[in-house]
Amino acid sequence: MIVKGARVLDGSANAMMKGKGTEDDRPWQSYHTVYTTAKAGMELVDKEKVQRVVYEMSKGSKYFQNEERKEAFIKQKIDNLRIQCANLTQEDLAHYQKVADRRIVELEASRDLSRIWLHVDMDAFYAAVETLSNPTLKGKPMAVGSMSMLSTANYEARKFGVRAAMPGFIARKLCPELIFVPTDFKKYTYYSDLTRKVFGRYDPNFIAGSLDEAYLDITEVCRERNVKSEEIAQELRAGVYEETGLTCSAGVAPNRLLAKVCSDINKPNGQYVLPNDRMAVMTFVSSLPIRKIGGIGKVTEHILKGVFGINTCEQMLEKSSYICAFFSQSTADFFCSVGLGLGQTDSPQVRFRKSISSERTFSATKDEVLLHKKLEELAEMLSADMQKEGLSGRTLTLKLKTASFEVRTRAVTLQKYISSSEDILKHAKKLLQAELPISVRLIGLRVSQFNGDKCSAKSDPTQKTITNFITSGDVNRNCSSFPDVADHDFVSNAETDMSIDSRQTGQLDWRDPFDGNYLSDVDYQSCTVQKSDGVEEVQTSSNDATSSHYSGLTEVLGSTSYLGQVEGINVKNGSNLLEDERLDSCCQEKTMLWLNDYKCSLCGIELPPSFVEERLEHSDFHLAEKLQKEESSIHQKSVPSQSKGQKDGVTRQSKSKKQKLSQKEGSYTPIDYFFVKK
DNA sequence: TACATACAC
DNA sequence: AATGGTGTATGTA
């Protein structure tokens, strides 16, 4: 659906990718592991050699075969997209160029250069902590983790190509001298708390991204003390070193997205300041490889490069017409804002977790008794975790990873909320039963749809609908009248008490899952220890496309094969976008009205006249609802092609609602605020 | 609602 | 021998 103006595709589209010939001689070149992407400390690594070793060690394994399968799939998508790209007419391109230019102007208008953000990132954190407690490790290549999986590696080890997320047995092949140290989550938490005390001096509301990194808004400190951000960064890093003996790196920039990129530039033990100046930002971003941007991963990189030839952020703008033609608005916005060097500058709202889960890997088995035992253990672990946080939920999801690394999820939504291990197990069993017989190497259980999802009032169905609509794809905001109060709890708590109550969710911070988690199946003790902060990362609450940019990729990936089957879609399709918007605003006035200039005539929600934006959103909602109803009735009687066209329009509209909704973040009162009992 | 995918750490 | 765990977001049917 994203790919507008597409032509019929045929499945044998990869002709153009064939005939390279190099693959036969050097097969490892086609095995795209993530291990070779430039990471701090790995610039001098012989990547060809690393790639070869990784390939040799992996070749033929079940894991490898699955990776090949996934890669082939993505390759196919890329081929399909290239064809669609080639089929765009001049007319199409001219249209999308207009759309793109308009979006870029709008995005540019949203640029905020008034804040100074600092991103701190500890250097090889777990490895550094382990070296502190065992100084004989100093100077030797060392990694934290096990033979199966590494959490992190120190800089000596990185010289050999050893890095986080690499299996230990491959790392040992790359570096036979490599010393393995098991993870000790307690230790990392302790040092993490020490660093956070320092962060708190500069921004009491700092955002902890994980145990080893944080974002600080240092605008005020800089102003109050009348010092340059550069000096603050120096001072902060010195303070961290003083308190912990650990080094860190910092990036300073006008927004969080850029600050994060900057903290990586002079790693380890360095810093980089990008001034709050538009030209400086544009220059910085122009040559920046897109993969450096948080949110652009391996797949997105491949697609953007393979289909559009995009390597740098600047090229996001050069190819903006293609981006607007092929991706959803939110994704296109994100990509364009990357090209402009835009990112979030607000201090995000507090959010609640939306799900909780437990999963374990073991040696693959189809022994049903064994699987059942694993399931039972998981149910108990999960239940214990839920009880710790006072959670209960009504959707249970079973996750299975087959012996061939294929992942399946199966879910049920129940009438009542559950949290006991018995309830969880009872339903989990049924889900598992339906999949038997099967050989699996991982089982996971997840519970979502929490009872305490405070923002969805259950009593009034109307309200529920609206709230769900509004919050879906957005954030469950803290419904407390004084969300700020919670924000400070963590800091003071951290100073007095090592154990952090997970419900004091003021500070945003999911624990670093990767490092903490590599446990043997039975290590429940440390498992419990690991479960710490129930607090949450940043991003989503805001508008800037940063929050919601994954969608488009999923869309492109998911829709291509579908499009391949659809009859040629009108190439003029794109102009519907504009027409829809006109229709939108013209309907807005007629769909509903405000009784006594206060109450919605359709659903009764109260919104004072001063809440102009919120009212607009609200009428948008009703419009979307109306269109959806129309669409579903049309859907029943109309011919497929018509129905497709309609559907497109509606979907695009509701999407644009969400988009608009999140756009004004920052200064506005969330609309769901009005639905919450106080 | 159910499921798959991408991503971060 | 051997490639993790927790959580978020999104689209589509």
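Please read these numbers as outputs of a predicted model, since none were measured by experiment. Each chain gets a letter, A, B and so on, in the order the sequences are listed, and its residues count up from 1.
Residue contacts for A/Q449: at a heavy-atom cut-off of 4.0 Å it reaches the sugar-phosphate backbone alone, with no base atom in range. Note on A/K70: nothing from the nucleic acid sits closer than 4.0 angstrom, heavy atoms only. Looking at heavy-atom distances under 4.0 Å, A/R446 makes contact with a base. At the heavy-atom level, A/K173 lies nowhere under 4.0 Å from the strands shown. Nucleic acid contact for A/E67: none, since no nucleic acid atom lies under 4.0 Å from a heavy atom of the residue. Nucleic acid contact class of A/L442 (heavy atoms, under 4.0 Å, all strands): sugar-phosphate only. Contact annotation for A/S61: base contact, defined as any heavy-atom pair under 4.0 Å involving a base atom. As judged by a 4.0 angstrom heavy-atom cut-off over every strand, A/K62 is placed among residues making no nucleic acid contact.
Nucleotide B/dA6 holds its P atom 12 Å from the CG atom of A/N66, rounded to whole Å. Per the geometry, NZ belonging to A/K388 stands 13 Å off C1' belonging to C/dT6, to the nearest Å. Residue A/L211 contributes atom CG, which lies 14 Å from atom P of C/dG7 at whole-angstrom precision. Across the protein-nucleic acid pair, A/L398 atom CG and B/dA2 atom P stand 13 Å apart, rounded to whole Å. Rounding to whole angstrom units, CZ of residue A/F334 and P of C/dA9 are separated by 15 Å. Summarising the geometry, the separation between CZ on A/R163 and C1' on B/dA8 is reported as 13 Å, rounded to the nearest angstrom. Rounded to whole Å, the distance from NZ on A/K401 to C1' on B/dC3 is 17 Å. Summarising the geometry, the separation between CG on A/D333 and P on C/dA9 is reported as 18 Å, rounded to the nearest angstrom.
The aromatic rings of A/Y215 and A/W117 lie perpendicular to each other, with more than 60° between the two planes, well past the 30° mark. The aromatic rings of A/F64 and A/Y31 are tilted relative to each other, their planes meeting at an angle between 30° and 60°.
Using a 4.0 Å cut-off, no side-chain N or O of A/T397 falls inside it from OP1 or OP2 of B/dA2. Residue A/T300 has no polar side-chain atom (N or O) positioned under 4.0 Å from OP1 or OP2 of B/dA6. Proximity of A/K260 to the phosphate of B/dC9: a side-chain N or O atom is located under 4.0 Å from OP1 or OP2. One finds no side-chain N or O of A/K298 lying less than 4.0 angstrom from the OP1 or OP2 phosphate oxygen of B/dA6. Remark: A/R394 is in phosphate contact with B/dT1, judged by side-chain N or O atoms under 4.0 Å from OP1 or OP2.
Set against C/dT8, C/dT6, B/dA6, the side chain of A/S357 has C/dT6 as its closest nucleotide. The side chain of A/R172 lies closest to C/dA2 when the candidates are C/dT6, C/dA2, C/dT8. With B/dC9, C/dA2, B/dC3 as the choices, the nucleotide that has an atom nearest any side-chain atom of A/E213 turns out to be B/dC9. When each of B/dT1, B/dC7, C/dT6 is scored by its nearest atom to the side-chain atoms of A/R360, the top-ranked nucleotide is C/dT6. Counting only heavy atoms from C-beta on, A/F169 has its side chain closest to C/dA2 among B/dC9, B/dA6, C/dA2. Listed candidates were C/dG7, B/dA4, C/dA2. Nearest to the side chain of A/M147 is C/dA2. The side chain of A/R351 has C/dT8 as its nearest neighbour among C/dT6, C/dT8, C/dA2. Picking from B/dC7, B/dT1, C/dT8 the nucleotide with the shortest atom distance to the side chain of A/T413 gives B/dT1. For A/I74, taking side-chain heavy atoms from C-beta onward, the closest of the listed nucleotides B/dC3, C/dA9, B/dA6 is B/dA6. Comparing B/dC3, C/dA9, B/dT1 against the side chain of A/R410 picks out B/dC3 as the nearest.
Proximity of the aromatic rings of A/F326 and A/F308 is defined here by a centroid distance below 6.0 angstrom, and this criterion is met.
Contacts of A/K187 classified as salt bridge (charged side-chain N to carboxylate O under 4.0 Å, His left out), with partners at least two apart in sequence or in another chain: A/E130, A/D184. Residues satisfying the side-chain contact (heavy atoms from CB on, under 4.5 Å) test with A/T402, not counting sequence neighbours, are A/S404, A/E406, A/R408, A/I438.
Using a 4.5 Å cut-off on side-chain heavy atoms (C-beta onward), A/T413 and A/R394 make contact.
For the pair A/R172 and A/L178, the tightest heavy-atom approach, listed with the atom from each and the gap, is N-CD2, 4.4 Å.
Between A/I293 and A/R69, the residue anchored closer to the 5' end of DNA chain B is A/R69, taking for each the nucleotide with the nearest heavy atom.
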